[in-house]
Amino acid sequence: MIPYGRQSISEEDIAAVVSVLRGEWLTQGPTVNAFEQAVSNYCGVSHAVAVNSATSALHLACLALDVGPGDIVWTVPNTFVASANCARYCGAEVDFVDIDQQTLCMSIEALSKKLEDCRSHGRPLPSVLIPVHFGGQSCDMAAIAVLATLYGFQVIEDASHAIGATYQGKPVGDCRFSDICIFSFHPVKVITSGEGGMAVTNDPALAKRMMRLRSHGITRDRDEMENTEAGAWYYEQIELGMNYRMTDIQAALGLSQLNRLDQFVLRRNQLAARYDAAFEGLNIQTQHIISDAYSARHLYVIRVPAAQHEFLFSELRSADIGVNLHYFPVHLQPYYQRLGFGAGYCPSAEQYAKEAISLPLYPGMTDAQQAIVIDTVKILLNSFIAEPA
Ligand SMILES: *Cc1c(COP(=O)(O)O)cnc(C)c1O
């Protein structure tokens, strides 16, 4: 089986993890600090908060921005469910903005129209927007930032696919167009810590709040305490937090992987370019990458005519090629349908999902493996045309 994604673990990665196992700290300790420092240096952002998953990072980001009952959070349907669920954890409502058919990211046109509609009909505006950098390509963050100022919402970038990407020549994660940006280090993502995530921000107060919330809402900072007289052993829980800490074992893997991030992204882009060239002239659409973005290429998605989708998908799986769908529209998940969403709500994302197939793409994929995938796709497309109607 050629999987759609796979981690790449080196001897250096293994040695880094083993060295933590031989040391003093297993839970959150100095290696978590080092990983946070390294990611914030890489992204050119002031603060980083490591946690046990991107899902946790999204939850903390919403909490730090005071998302709660009465708030509405907007995201896209073409994402993993976690981008929407984080708002539900906080008791907020979720709403969905349709995607752009070319970039497969949030449509700026649909977003501005929806905002305008809300304002003119006196309907509540979102307090937080969560754009998703689909497949590793940044959304048009400059345009989103303009709308954020105009309509007064805050922005969390879901960059789960996009560490190592750039936008307008600067790293995704520098937060110059957002309040908080989050990354995932799940094994299928660009770099991994086993499980893990990180929230980055330029706002010291948000960083401090997320650090407190990842560890039960406990503070050891005298300035934040009610009782300032107690001894050195004293700590206070001043709000309700969770245990979302990353371990030093995970951080060691993540930190070591960060050394190869640029190499991983380069290889992903090389493979993507080879796919692009191979499919030119065929009845296949691919994700449009905007001119001022360098994608981390977490995913390589082809779109085929809806009538051929099921055939191609099952035949590729039968040929041991681990294709996938990214994503079945979140608003059509049974949980979200029970909240009132249904078919027809985001037509572009729904049409896309009837046509999309994610092909294998990961740094360890060989040219020979990719050639098998390309040939199989081509043969199957031809055989479909050859079949009688
Ligand atoms: C993977 C992913 C997440 C969740 O990441 P975890 O680290 O597995 O919690 C959130 N959003 C998107 C877009 C993802 O792809």
Side-chain angles (χ1 to χ4, degrees), residues 3-7 32 35 39 48-63 73-90 94 96-97 99 103-106 128-139 141 155-165 172-173 178 180-200 210 214 242-247 250-251 253-254 257-258 268 287 295-301 324-331 333 335-336 346 349 352-353 356 358 361-362:
Y4 92 87
R6 192 183 196 284
Q7 69 277 13
V32 166
F35 187 29
V39 170
V49 183
V51 285
N52 57 359
S53 72
T55 304
S56 301
L58 284 163
H59 186 196
L60 290 189
C62 285
L63 288 173
V73 172
W74 289 8
T75 187
V76 277
N78 187 31
T79 186
F80 185 57
V81 293
S83 315
N85 289 347
C86 55
R88 301 295 298 157
Y89 298 151
C90 304
V94 171
F96 298 93
V97 182
I99 58 164
T103 64
L104 310 180
C105 291
M106 183 180 283
V128 170
L129 183 79
I130 308 184
V132 178
H133 300 331
F134 180 81
Q137 159 166 246
S138 175
C139 297
M141 291 307 299
V155 179
I156 302 170
E157 293 173 75
D158 185 341
S160 292
H161 302 177
I163 194 164
V172 165
S178 66
I180 298 170
C181 175
I182 70 95
F183 297 118
S184 172
F185 307 125
H186 182 279
V188 297
K189 304 292 164 66
V190 186
I191 56 169
T192 188
S193 60
E195 292 275 3
M198 205 176 283
V200 295
M210 290 191 285
R214 85 174 152 188
M242 278 68 56
N243 178 354
Y244 280 167
R245 292 187 303 267
M246 178 183 273
T247 65
Q250 293 166 312
L253 180 54
Q257 288 253 304
L258 196 61
R268 286 177 173 279
Q287 182 182 22
S295 172
R297 289 289 193 177
H298 164 55
L299 299 172
Y300 189 87
V301 177
N324 253 298
L325 171 61
H326 299 96
Y327 291 91
F328 179 80
V330 175
H331 69 287
Q333 293 288 353
Y335 172 79
Y336 284 98
C346 292
Y352 159 82
S358 303
L361 182 74
Y362 48 94

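Note that ligands are numbered from 1 as they come in the structure, with each ligand's atoms numbered from 1 the same way.
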Revision key, fill the gap. Here the atoms of ligand 1 under 4.0 Å from any heavy atom belonging to A54 are 4 (C), 5 (O), 6 (P), 7 (O), 9 (O)

Study note, to complete from the structure: Scanning both residues in full, the closest heavy-atom pair of N243 with N52 reads O-ND2, 3.9 Å

Point to revise | Residue among H298, M106, M141 satisfying side chain to side chain contact (heavy atoms under 4.5 Å, CB included) with H133 | key: M141

Exercise for review: Please could you name the atoms of ligand 1 that V132 approaches to less than 4.0 Å, counting only its heavy atoms?
Suggested key: 13 (C)

Review point. Is the backbone of I130 close enough, under 3.5 Å, to the side chain of T75 for a donor and an acceptor to pair up by distance?
Key: yes

Check your understanding: When the ring planes of Y336 and F96 are compared, do they come out parallel, tilted or perpendicular, using 30° and 60° as the limits?
Key -> perpendicular

Practice item. Report, in ascending order of atom number, the atoms of ligand 1 lying under 4.0 Å from any heavy atom of G196. Key: 7 (O)

Exercise for review: Looking only at non-hydrogen atoms, find the nearest pair between Q287 and F134 and report the distance.
Suggested key: NE2-O, 3.1 Å

Exercise for review: State, to 0.1 Å, how close G136 and A162 come at their nearest heavy-atom pair, and which atoms those are.
Suggested key: O-CB, 3.8 Å

Practice item. Between T79 and ligand 1, find which residue part has any heavy-atom pair under 4.0 Å and reply side chain, backbone, both or neither. Key: side chain

**Study point:** Protein residue, atom and distance nearest to atom 2 (C) of ligand 1, heavy-atom basis
**Key:** K189 NZ, 2.6 Å

Review point. With sequence neighbours left out, what residues match R214 under salt bridge (charged side-chain N to carboxylate O under 4.0 Å, His left out)?
Key: E36

Point to revise | Heavy-atom gap Y327 to ligand 1 smaller than 4.0 Å | key: yes

Study note, to complete from the structure: closest protein heavy atom to atom 10 (C) of ligand 1 is S160 OG, 3.3 Å

**Study point:** Heavy-atom closest contact (V39 atom, V200 atom, distance)
**Key:** CG1-CG1, 4.3 Å

Point to revise | contact_flag S56 ligand 1 heavy-atom lt 4.0 Å | key: no

Check your understanding: So, E157 and S178: side-chain donor and acceptor under 3.5 Å apart, yes or no?
Key -> yes

Review point. Polar-atom distance check: T55 versus ligand 1, any N or O pair below 3.5 Å?
Key: yes

Exercise for review: Could you tell me if any non-hydrogen atom of G197 lies under 4.0 Å from any atom of ligand 1?
Suggested key: no

Exercise for review: Look at atom 15 (O) of ligand 1 and find which of H186, H59, H298, H161 reaches it with the closest heavy atom.
Suggested key: H161

Practice item. Using distance alone, decide if ligand 1 has a nitrogen or oxygen within less than 3.5 Å of any nitrogen or oxygen in A82. Key: no

Study note, to complete from the structure: In terms of heavy-atom contacts, V132 and C105 come closest through O-SG, 3.8 Å

Exercise for review: Report, in ascending order of atom number, the atoms of ligand 1 lying under 4.0 Å from any heavy atom of S53.
Suggested key: 7 (O), 9 (O)

Review point. Which of the numbered atoms in ligand 1 are below 4.0 angstrom from a heavy atom of S184?
Key: 5 (O), 6 (P), 7 (O)

Review point. In terms of residue, atom name and distance, what is the protein heavy atom nearest to atom 11 (N) of ligand 1?
Key: D158 OD2, 2.8 Å

